[in-house]
Amino acid sequence: MNDQRWRRIFLFCFIWTKILGLCSAAASEEDICQGSAAAEESDTMATNRRRNHHPSRADFEGGVDDFVDQRNPRVAPALVRTDEELEQRRIGQLPCQADEFFGQKFMPSSGWNPLLKAILQGTRSSSSSDGDDSSSSSPLSLLRTHANTLVRHIFSYLGNPYAKHVRLTLPADLVGNGYNNWLMKFVRGRGHEPTHEDVDGALSLTSLNNAQNGFVAFARVGNVTFPPPAGRNVNMMPIVLGDIDSLPEDLQPYYPLIDSCPFVREELGQIAYLTVHESFVDAGATQRRPGLHIESPGVFPDPIPVVVNEGETAAAPPVCAFTPAVEHPWGMGMFFGPDHYEGGIYFASNVDQTSQVFDALVDRTVPGIIDRHGGCEHLRPLLQGGTPLQAGDLVWMTDCTPHEALPQAQAGPRQFFRLVMPYISHWFADHSTPNPKVPLPDSITVLHGDKFQNA
């Protein structure tokens with residue numbers, strides 16, 4: 001009897017030990033699986049957050065959590081924004097057209113434009129030689145001696161004719177991912193208790209390079225280190241994205257800067273356009289183009305005469321550089337959501353505060369809003385304060401984003417880097433650098449002659 005009892009006890013203990021062992025093994029396997037999945041997810045997120053990752057649209061279909069800390073160059077500026085700055089910029093009202101932002105009562109002057117020209121010409125009109133004032137003089141001539149008083153007051157009521165064609169956009173650091181793929185803006189910064197609101201539209205809403213529905217014009221996307229200067233100077237040289245061997249040997253030290261640009265995987269293998277400018281700059285001078293401008297030449301109602309000399313012994317007659325009433329992109333640029341950019345322009349320099357960018361988009365389709373080379377100095381009163389860039393700041397912007405070169409405070413060398421993404425329509429041979437390794441795409445119109453000659 002005792003033997004049977006001990007056998008039962010032994011069998012019970014044996015079975016119980018096996019059960020515990022199986023449970024422990026199952027739990028360990030589950031932990032390993034969970035740990036592996038977590039590690040894989042962590043690795044994926046870490047990879048997506050690398051500045052040189054080049055994500056694809058598929059990476060963003062489910063939405064990604066906003067990477068809110070100082071390691072994200074886009075978000076970092078929000079961490080130091082003051083309440084006074086946010087209130088002054090009226091973030092809660094953005095994005096919107098400039099006429100909505102200012103309202104007619106506080107609309108800033110538009111500066112010199114055709115309407116002001118007509119008014120001043122009227123005040124300066126004179127009578128005919130036969131003394132018949134009524135036949136040649138404008139009624140505005142009665143205001144000739146009141147140009148600084150009555151004429152200025154009258155013009156202030158006319159508003160800015162381009163205000164509805166300039167869109168004031170959100171700083172990129174105040175845009176984040178919300179729930180269910182909705183974008184949100186942080187109207188009080190990203191402090192300990194940030195207040196946010198939804199941006200109209202979901203993550204699929206794209207901030208295009210136009211002044212109708214865009215909500216981000218530029219963003220800091222990284223910080224780069226320049227190679228030692230060597231007198232390099234190339235402009236709009238075609239290169240193959242992702243292929244260091246497509247660069248001439250003397251420009252290959254700039255490949256880490258190219259690889260730091262977070263273009264999407266679909267753009268790998270396409271032809272982009274590299275500019276590198278290394279030179280000595282005097283104090284008070286600018287290395288690059290001064291004055292407010294955008295990169296896109298926009299749309300023009302009339303032809304631009306440019307002489308084309310493609311394989312001809314004699315100069316061809318003037319032809320249109322840009323087709324009238326057709327939009328001509330120069331990089332374009334689309335902001336699909338936080339840290340997801342397609343097209344556009346990347347640039348950086350190695351000297352503090354020698355470039356400035358504005359949170360705005362200009363409707364380049366409006367005739368007269370910019371000149372033939374993107375100049376738009378007359379729009380400055382409509383823009384909020386610009387953002388001066390620091391040395392090494394790598395910035396993404398659209399080709400409709402106002403920006404300018406700033407005078408250099410102290411004389412010294414400066415290095416400038418720019419990468420224009422594949423979406424351009426024209427290439428000026430006399431102002432650009434060919435690449436013997438990379439031919440231009442067949443879709444590009446090549447123009448010869450001085451593009452500024454008939455500006």
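Computed from heavy atoms alone, side chains included, the values below leave out hydrogens, waters and symmetry copies.
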Apply the test side chain to side chain contact (heavy atoms under 4.5 Å, CB included) to residues Y346 and M397: give CA-CA distance (whole Å), side-chain angles for both, the deciding distance (0.1 Å), then the verdict.
-> CA-CA 7 Å; Y346 298 93; M397 69 176 181; over 6 Å; no
[X] versus [Y]: any side-chain heavy-atom pair under 4.5 Å?
X	Y	value
M237	V438	no
T401	I294	no
F417	H277	no
N233	V276	no
P95	R167	yes
F215	L361	no
Q270	Y423	yes
Y162	L379	yes

Electrostatic pair [X]:[Y] at N-O distance under 4.0 angstrom:
X	Y	value
R89	D359	yes
D399	R364	yes
R220	D393	yes

Can you name the closest pair of heavy atoms from [X] and [Y] and give their distance?
X	Y	result
A272	V420	CB-O, 3.3 Å
Y273	M236	CB-CE, 3.6 Å
G242	L268	CA-CD2, 3.9 Å
P402	A360	CD-O, 3.1 Å
P413	V351	O-CG2, 3.7 Å
A283	A409	CB-O, 3.7 Å

Any donor-acceptor pair under 3.5 Å from [X] side chain to [Y] backbone:
X	Y	value
H431	A429	no
Q408	F280	no
K164	Q97	no
N435	P238	yes
Q415	P227	yes
K185	P171	no
S246	V240	yes

Between [atom1] of [X] and [atom2] of [Y], what distance do you get to the nearest 0.5 Å?
X	Y	atom1	atom2	value
L292	L383	CG	CG	6.0 Å
S260	Y254	OG	OH	13.0 Å
I271	I444	CD1	CD1	8.5 Å
D430	H448	CG	NE2	7.0 Å
D352	Q390	CG	CD	4.5 Å
D99	H165	CG	NE2	8.5 Å

For the pair I258 and L247, evaluate side chain to side chain contact (heavy atoms under 4.5 Å, CB included) and give the outcome as yes or no after the intermediate values.
-> CA-CA 11 Å; I258 297 172; L247 276 68; 3.8 Å; yes
Output, in order, the C-alpha distance, side-chain angles, deciding distance and verdict of side chain to side chain donor-acceptor pair (under 3.5 Å) for S279 and R414.
-> CA-CA 6 Å; S279 66; R414 182 179 189 260; over 6 Å; no
Stepwise, does the side chain to side chain donor-acceptor pair (under 3.5 Å) test hold for Q356 with T387?
-> CA-CA 5 Å; Q356 182 169 237; T387 300; over 6 Å; no
Pairs flagged by salt bridge (charged side-chain N to carboxylate O under 4.0 Å, His left out) wherever residues 274-286 is involved - sequence neighbours left out | R232-E278
Take atom CD in E87; do more than 12 heavy atoms of anything else shown fall under 6.0 Å from it?
-> no
Are more than 12 heavy atoms from other residues, nucleotides or ligands located less than 6.0 Å from atom CD of Q88?
-> no
Residues N235 and T275: side-chain donor-acceptor under 3.5 angstrom = yes
Under 3.5 Å, is there a donor-acceptor pair linking the side chains of E267 and Y341?
-> no
How far apart are the C-alpha atoms of V395 and V221, what are their side-chain angles, what is the distance that settles it, and do they pass the side chain to side chain contact (heavy atoms under 4.5 Å, CB included) test?
-> CA-CA 6 Å; V395 166; V221 297; over 6 Å; no
Residues at least two apart in sequence or cross-chain that pass salt bridge (charged side-chain N to carboxylate O under 4.0 Å, His left out) with E85, listed by chain then number, are R81
Mind telling me whether F347 and H403 have parallel, tilted or perpendicular rings, with 30° and 60° as the class edges?
-> tilted
Evaluate the criterion side chain to side chain contact (heavy atoms under 4.5 Å, CB included) for residue pair R74 and D339; output intermediate values, then yes/no.
-> CA-CA 8 Å; R74 176 186 60 80; D339 307 315; 2.9 Å; yes
